[in-house]
Amino acid sequence: MTSDDRLWVVVGPTASGKTALAVELCEAHDGEIVSADSVQVYRHFDVGSGKPSAEERARARQHLIDVIEPNEPMDAARFTELAELAIAEIRGRGKRPIVCGGTFLWVRALLHGLVPAPPADAALRARHQARVNEVGRAGLHADLGRVDPEAARRLAPNDFVRVSRALEVFELTGVRMSDWQAAHGFKTSRHEARLLGVRREKAELDQLILARCRAMLAAGWVAEATRLLQAGYAETRPFSSVGYKQIAQALSREEPIDLAELELAIFRATRVFARRQRTWLRDQPIEWLTPGSTKL
RNA sequence: GUCCGGGUAGCUCAGUCGGUAGAGCAGUGGAUUGAAAAUCCACGUGUCGUCAGUUCAAUUCUGACCCUGGACA
């Protein structure tokens, strides 16, 4: 294959086999993987996050997995900083970085950057939450409408996360989020990318998801989650991720865990997640690859 | 066998003082600019267990029967 300086990015829904494909690509093209996964970045959340196996790690070097503690701050902007460092470092050694992951906001941020706004402000978020307790989400949405009508128009009153962020951006900078977004619009690229997608039939993906849920539970997922809960990680980000959330809920009930019921709940949450990922990927200029095909 | 609950959307249930019914979850589609595996939006005709009675009108009242949970025998 001729040299291709583009940044290769492997995408696809959860459980589709992204890592396996990325590992093959690394072996064939002297590459190393830069993970774009919002759960695998955390240490200790191993069984349920689908981290690459020891064998896969041996075959291809992995970056941005196990790099922060569960209670450390992490967001899309911080990810792009870390990813840029990893990419530069890999290229500096003459290797090919291959981005691989299912957190598509992070991938988009890496490829196109984000609005130049400051990071989240814990004190402001707390104030917004207090305001919601007082006047409801619709009340906070109305607050936003007073300073940034365009943002308020586009956001649902119940979408607290985004309403709070838009309000926060204005309060911190005096600039309307909607103005920044209009100017930014993900129009420019920080990297020329080659998007490689793993395609799966829906029924086939369901089978893969179910099999993976079973395998993870059999591999001691509940025990791991129990340990993490005891270690005081209950309120951390990764505990609200698919599966860990369902396990924590099951553990918090009086009755003993019904494993079949838990498995079903996790399977369902995972396929809902896969659906949302499909929406992200729709209409993207992706080269779709069918697993098993020899094209790399 | 007797008594008391239940039988309503794929699941768990709410409801109709008689005018053919609605939430959560699941499902499908969508949004996504420092929480993103998060957060949010849209989409709900189903013999209201069966048969009969009363009624202009019954899923709603009455009776019988069937199924189911519990208590007592």
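Below, chains carry the letters A, B, ... as their sequence lines are ordered, and counting in each starts from 1.
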Between protein and nucleic acid, restricted to nucleotides 25-29 of chain B and to nitrogen or oxygen atoms under 3.5 Å apart, what atom pairs and distances do you find?
{"residue": "G27(B)", "atom": "OP1", "partner": "R271(A)", "partner atom": "NH1", "Å": "3.1"}
{"residue": "U28(B)", "atom": "OP2", "partner": "R275(A)", "partner atom": "NH1", "Å": "2.7"}
{"residue": "U28(B)", "atom": "O4", "partner": "R275(A)", "partner atom": "NH2", "Å": "3.4"}
{"residue": "G29(B)", "atom": "OP1", "partner": "K202(A)", "partner atom": "NZ", "Å": "3.2"}

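Contact annotation: N158(A) side-chain N/O to U39(B) OP1/OP2 distance is not under 4.0 Å. Contact check, K245(A) against A35(B): no side-chain N or O comes under 4.0 Å of OP1 or OP2. Within the structure, a side-chain polar atom (N or O) of T103(A) is placed less than 4.0 Å from OP1 or OP2 of A37(B). Proximity of R137(A) to the phosphate of C40(B): a side-chain N or O atom is located under 4.0 Å from OP1 or OP2.
Separation of the P atoms belonging to A57(B) and G15(B) is 27 Å when rounded to the nearest angstrom. Taking atom C1' in both C13(B) and G6(B), the straight-line distance is 12 Å, to the nearest Å. Taking atom C1' in both G44(B) and U33(B), one finds a spacing of 34 Å when rounded to whole Å. Across the P atoms, A21(B) and A42(B) are found 22 Å apart, a figure rounded to whole Å. A gap of 15 Å separates the C1' atoms of G7(B) and G46(B), to the nearest Å. With C1' as the reference atom, A23(B) and G63(B) are 33 Å apart, rounded to whole Å. The gap from the C1' atom of C41(B) to that of U60(B) amounts to 35 Å, rounded to the nearest Å. The same atom, P, is picked in G19(B) and in A58(B); the two are 11 Å apart, to the nearest Å.
By the 4.0 Å N-to-carboxylate-O rule, D143(A) lies close enough to R146(A) to be salt-bridged with it. Using a 4.0 Å cut-off between charged nitrogen and carboxylate oxygen, R194(A) and E287(A) count as a salt-bridge pair. Remark: R59(A) does not engage E24(A) in a salt bridge, criterion side-chain N to carboxylate O under 4.0 Å.
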Subject >> Dot-bracket encoding per residue of RNA chain B, Watson-Crick/G-U cut-off under 3.5 Å, | denoting interstrand >> reply: (((((((..((((.....[..)))).(((((.......))))).....(((((..]....)))))))))))).
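Among the nucleotides U39(B), A36(B), A37(B), the one closest to any side-chain atom of D159(A) is U39(B).
Contacts between residues 160-184 of chain A and RNA chain B, defined by a heavy-atom separation below 4.0 Å, involve F160(A), V161(A), R162(A), R165(A), M177(A), Q181(A), H184(A), listed by number. Shown for residues 214-241 of chain A: residues whose heavy atoms fall under 4.0 angstrom of RNA chain B, namely R237(A), S240(A), S241(A).
Judged purely by atom type and a 3.5 angstrom limit, S164(A) has no side-chain atom pairing as donor or acceptor with the backbone of V161(A). A donor-acceptor pair under 3.5 Å is formed between the side chain of T103(A) and the backbone N or O of S38(A).
Between the C1' atom of G34(B) and the CZ atom of F186(A) lies a distance of 11 Å, rounded to the nearest Å. Taking atom OH of Y42(A) as the reference point, atom C1' of A36(B) lies 10 Å away to the nearest angstrom. When rounded to the nearest whole Å, the span between CZ of F79(A) and P of A35(B) equals 15 Å. Atom CG in L264(A) sits roughly 13 Å away from atom P in U12(B) (whole-Å rounding). Between the CG atom of L105(A) and the P atom of C40(B) there is a distance of 17 Å, given to the nearest Å. Rounded to an integer number of Å, the gap from CZ of R108(A) to P of A38(B) is 17 Å. Taking atom CZ of residue R154(A) and atom P of nucleotide G30(B), one finds them 19 Å apart after rounding to whole Å. As a whole-Å value, the separation of M74(A) CE from A38(B) P is 16 Å.
Proximity of I266(A) to L262(A): side-chain heavy atoms (C-beta onward) are separated by under 4.5 Å at one or more points. At least one side-chain heavy atom of W106(A) sits under 4.5 Å from a side-chain heavy atom of V41(A).
Between H184(A) and F186(A), the ring center distance clears the sub-6.0 Å criterion.
In this pair, F45(A) and Y244(A) present their aromatic rings perpendicular. The plane angle is above 60°, beyond the 30 to 60° band.
Here T14(A) lies out of heavy-atom contact (under 4.0 Å) with every strand. Residue contacts for G243(A): at a heavy-atom cut-off of 4.0 Å it reaches no nucleic acid atom on any strand shown.
Cluster membership for I286(A) and L110(A), using ILVMFWY side-chain heavy atoms within less than 4.5 angstrom, is shared.
Partner E32(A) forms a salt bridge (Lys or Arg N to Asp or Glu O under 4.0 Å) with one of R93(A), R96(A), R57(A), K95(A) and no other, that one being R93(A). Of the residues L25(A), V9(A), V99(A), V11(A), the one that meets the side-chain contact (heavy atoms from CB on, under 4.5 Å) test with L196(A) is L25(A).
Within 90° of 0 lies the glycosidic angle of G34(B), which makes this nucleotide syn.
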Original post:
Yes or no on salt bridge (Lys or Arg N to Asp or Glu O under 4.0 Å) for R162(A) and D159(A), after CA distance, side-chain angles and deciding distance?
Top reply: CA-CA 6 Å; R162(A) 292 190 178 76; D159(A) 196 351; 2.9 Å; yes
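Listed by first and then second residue, the side-chain hydrogen bond (donor to acceptor under 3.5 Å, both in side chains) pairs involving residues 206-223 of chain A are T14(A)-R212(A), D206(A)-R271(A), R214(A)-E263(A) (not counting sequence neighbours).
Each of L155(A) and Y244(A) has a nearest nucleotide on RNA chain B; the 5'-most of these lies closest to L155(A). Both G113(A) and R276(A) sit near RNA chain B, but only G113(A) has its closest nucleotide nearer the 5' end.
In the interface, the side chain of D37(A) is paired with the base of A37(B) through a donor and an acceptor atom under 3.5 Å apart.
Here the closest heavy-atom approach between residue V198(A) and residue P13(A) is recorded as O-CD, 4.0 Å.
Scored by the ring-ring contact (aromatic ring centres under 6.0 Å, His included) test, F267(A) finds no partners at all (sequence neighbours excluded).
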